[in-house]
Structure formats: structure tokens, C-alpha cells
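Please read the structure below before turning to the comments.
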Amino acid sequence: MNTNACCAFVAKIKAQPFYQKYAALPPLGQKLVLVGSITFFTTAILAFIYYFVDRIIALGALASILAGLATGLGALPALFVKEVSRTTLNAMLGGAAGVMLAATAFSLIVPGIQFGNQLWPGWGVYVVAAGIMAGAVFLVMADQWLPYEKYLEGGERFDSLRKVWLFIAAIVLHNLPEGGAVGVSFGSGDWHNGVAIAIAIGLQNIPEGLAVAMPLVALGYQREQAVLIALLTGLIEPVGGFLGVALVTVFLPLLPIGMAFAAGAMLFVISDDIIPETQSRGKARYATFAVMFGFIVMMILDNLLT
């Protein structure tokens, strides 16, 4: 009965004049209409939240959306090339790891301790320490469910569609606390920290998008489909961003805990996933220097934003 009702609803939609006009458009026109509609409704929702709910929530959600869109930006080379050299990808990942490491330290951990001391004098560092471990444990449990890192060992190419989709599902799961980190940072009321974290995660998402799209192309997916799938994996981040900023805005005591949890999740991703991947074929000094370069760039940028 539910299936029949669903089919009837779809048939009713297809019978509408607006859908028939949409279906009559060429493929490029359909895509432009779809993108334009999504952009319009997203803008309208953010504008409503900004003016009638809370400006910080709107800004945090917008920043997490932009960070998530960077995944699609990183996947764009899949439209033109079939392979990207391991050296290039490792250098990109190394730089992203350095950027995330600096942002985690200066925009999450340090202000998290400060906010913690304001709420619980003398206990801020211990609250943050517990939150960091909680964030790491969360991702350990997530990896036990979707252990995607084993599919990338030694630069191994995916040998089945199931492995690719497990990898994509794991990326989505990891992106949720990353989006939360952006939201929590904006929820602190200091937009400088929020911008720094959004930039860091956006830069990290660029090579991540490439890592999602290229195997799909190699498995025979159309290039546009591969880029779209990579983009969608990043768009889970606005969900985490909205939840993060909304929770810490409404419940202030959650702020240092949320910042610490996000920091722990990001530290785990950096140390357990990204850096080992850049060194997966033996010691790669160029990747090590890329980490250091990314850290320095983000440190300078964070200093300029304050």
C-alpha cells in the first residue's frame, strides 16, 4: 500500500506542468535549474535563520556549507584526468594535515580551555582533555563499523564497488564531526576561530574529494557522477555545522566540551588517517615538509584573523 501510494505521488508530480517543462529541458538546463533551486532555497533558509533566529547559527551553517563544497572543488580534476600521481596527492594531504593541526590547536583547544576556565575555574584543561579523548573514541568506534583506511593501504586501488561505497560512507561519517567543529567554533561567538576552522577543513576536503572521485572514475562511473558523489560526501558537514552551532549557542556549558570533542576527532583523523596515508610507501620527506608548511601557513593566517 505504501509503495502504491508512493508511485501515485510520483505520477502526480510528473503530471504537473512545471515538471513537464523541467523534463523538456536539455540535460545541462536541468542541472542548472536544479543547482539554482537548491542555491535559492538554501539562501532563503539561511536568511530566515539570520534575521529571525540567530545570526551566529546562520553564519556557522554557511561556513560549514562552504567547507563541504570544497570536497566538490577537489573532485573537479576527475572531469579531465584519469589518474593523479601519488606524490601530488600525498603533498596535498600533508599540507591539509598541517593546516588542520594548527587550526585544531589554536582555534579549538586553546579557546576551549579558556572557555572551560570561565565556566569551571581551574578545570578547563581537564574538561578539554576529556573531550579530546571522547572525540577520538567516537571515531575509533566509527572506524570499527566502517574501517575505510584498510582500503587505502599502500595506495591499493579499489577492487570492488562495495569497497568504494564503504569508503564513501566512512568519509561521510568522518565529515559529520568536522562540520560540527565549524559550528562549535562559530558558537563560541568568536567568528575568527570559526573562519579559521572552516578554512582548515575546506583545504582538507580538497584532496579528500579527489580521493573519492578518482576511484569511481576508474571503476567506470561517468566523470560528472563521480564529482557529484564526492560533492555529496562533503555536504554532510553543514548538518554537523548546524547541530554544533545550535547546541553550543543554546547550551553554553557545552561549548568547551564541544570544542574539545571536535578537536579530538580532528586530531584522530590527522594522526590516524591523513599522515599515515602520506607515508604509506615509506618515508616521504616532501609530505613531512608539506605538513610543516601547512601548519605554518595556518598559524600565520590564524594570527592575522585575531
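All residue numbers refer to positions in the sequence shown, counting from 1.
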task: State whether the side chain of Ser64 and the backbone N or O of Ala61 hold a donor-acceptor pair below 3.5 Å, judged by distance alone.
output: yes
- prompt: When hydrophobic residues are tied together by side-chain contacts of less than 4.5 Å, even through go-betweens, does Leu93 share a cluster with Val297?
  reply: no
Closest non-hydrogen atom pair between Ala226 and Ala213, with its separation: CB-O, 3.7 Å
field: Connected via hydrophobic side-chain network under 4.5 Å: Leu119 and Ile113
entry: yes
message: Taking atom CD as the centre, does Gln222 end up with more than 12 heavy-atom neighbours from other residues, nucleotides or ligands that are less than 6.0 angstrom away?
response: no
field: Phe186 and Val195, any side-chain heavy atoms less than 4.5 Å apart
entry: yes
field: Check: Ala78 main-chain N/O paired with Arg223 side-chain donor or acceptor under 3.5 Å
entry: yes
message: Quick one, Thr288 and Gln279 - any side-chain contact, counting heavy atoms below 4.5 Å?
response: yes
task: State the CG-OG1 distance between Asn90 and Thr278, to the nearest 0.5 angstrom.
output: 5.5 Å
message: Looking at every heavy atom in both Phe106 and Met299, which two are closest together, and how far apart are they?
response: CE1-CG, 3.8 Å
- prompt: Is the closest side-chain heavy-atom distance between Asn117 and Trp123 below 4.5 Å?
  reply: no
- request: Search all heavy atoms of Val182 against all heavy atoms of Ala63 and return the closest pair with its distance.
  value: CG1-CB, 3.7 Å
message: If hydrophobic clusters are built from ILVMFWY residues whose side chains come within less than 4.5 Å, do Val53 and Tyr50 share one?
response: yes
- request: Report yes if some heavy atom in the side chain of Ile201 is under 4.5 Å from a heavy atom in the side chain of Glu237; otherwise report no.
  value: yes
query: Looking at Ala200 and Met100, what are the two nearest heavy atoms and their distance?
result: O-CG, 3.9 Å
field: Hphob cluster co-occupancy, Ile56 + Tyr51, side-chain heavy atoms under 4.5 angstrom
entry: yes
- prompt: CD1/Ile109 to CE/Met266 distance, rounded to the nearest 0.5 angstrom?
  reply: 9.5 Å
Beyond-backbone contact of Phe242 with Ile49, side-chain heavy atoms, under 4.5 angstrom: yes
task: Start with the C-alpha distance between Phe268 and Val140, add both sets of side-chain angles, then the distance that settles side-chain contact (heavy atoms from CB on, under 4.5 Å), and finish with yes or no.
output: CA-CA 8 Å; Phe268 182 87; Val140 168; 3.4 Å; yes
query: Measuring from Thr43:OG1 to Ile38:CD1, what's the distance to the nearest 0.5 Å?
result: 11.5 Å
- prompt: Any side-chain heavy-atom pair from Leu101 and Leu267 closer than 4.5 angstrom?
  reply: yes
message: Give me the atom names and distance for the closest heavy-atom approach of Gly234 to Pro238.
response: O-CD, 3.7 Å
task: Answer yes if Val184 and Phe138 sit in the same cluster of Ile, Leu, Val, Met, Phe, Trp and Tyr residues linked by side chain heavy atoms under 4.5 Å apart, and no otherwise.
output: yes
field: Chi angles and distances behind the side-chain contact (heavy atoms from CB on, under 4.5 Å) call for Leu108, Val128
entry: CA-CA 10 Å; Leu108 286 176; Val128 168; over 6 Å; no
message: Quick one, Ile57 and Val245 - any side-chain contact, counting heavy atoms below 4.5 Å?
response: yes
query: Roughly how far, to the nearest 0.5 Å, is CZ of Phe115 from CD1 of Ile257?
result: 13.5 Å
message: Does any part of the side chain of Trp120, heavy atoms only, come nearer than 4.5 Å to the side chain of Pro256, both counted from C-beta?
response: yes
- line: In terms of heavy-atom contacts, Thr233 and Ala230 come closest through OG1-O, 2.5 Å
task: Please round to the nearest 0.5 Å and tell me the distance separating atom CG of Leu210 and atom CG of Leu76.
output: 9.5 Å
- line: When rounded to the nearest 0.5 Å, the distance separating CD1 of Ile199 from CG of Leu301 is 4.5 Å
field: Exceeds 12 heavy-atom contacts within 6.0 angstrom, atom OH of Tyr126
entry: no
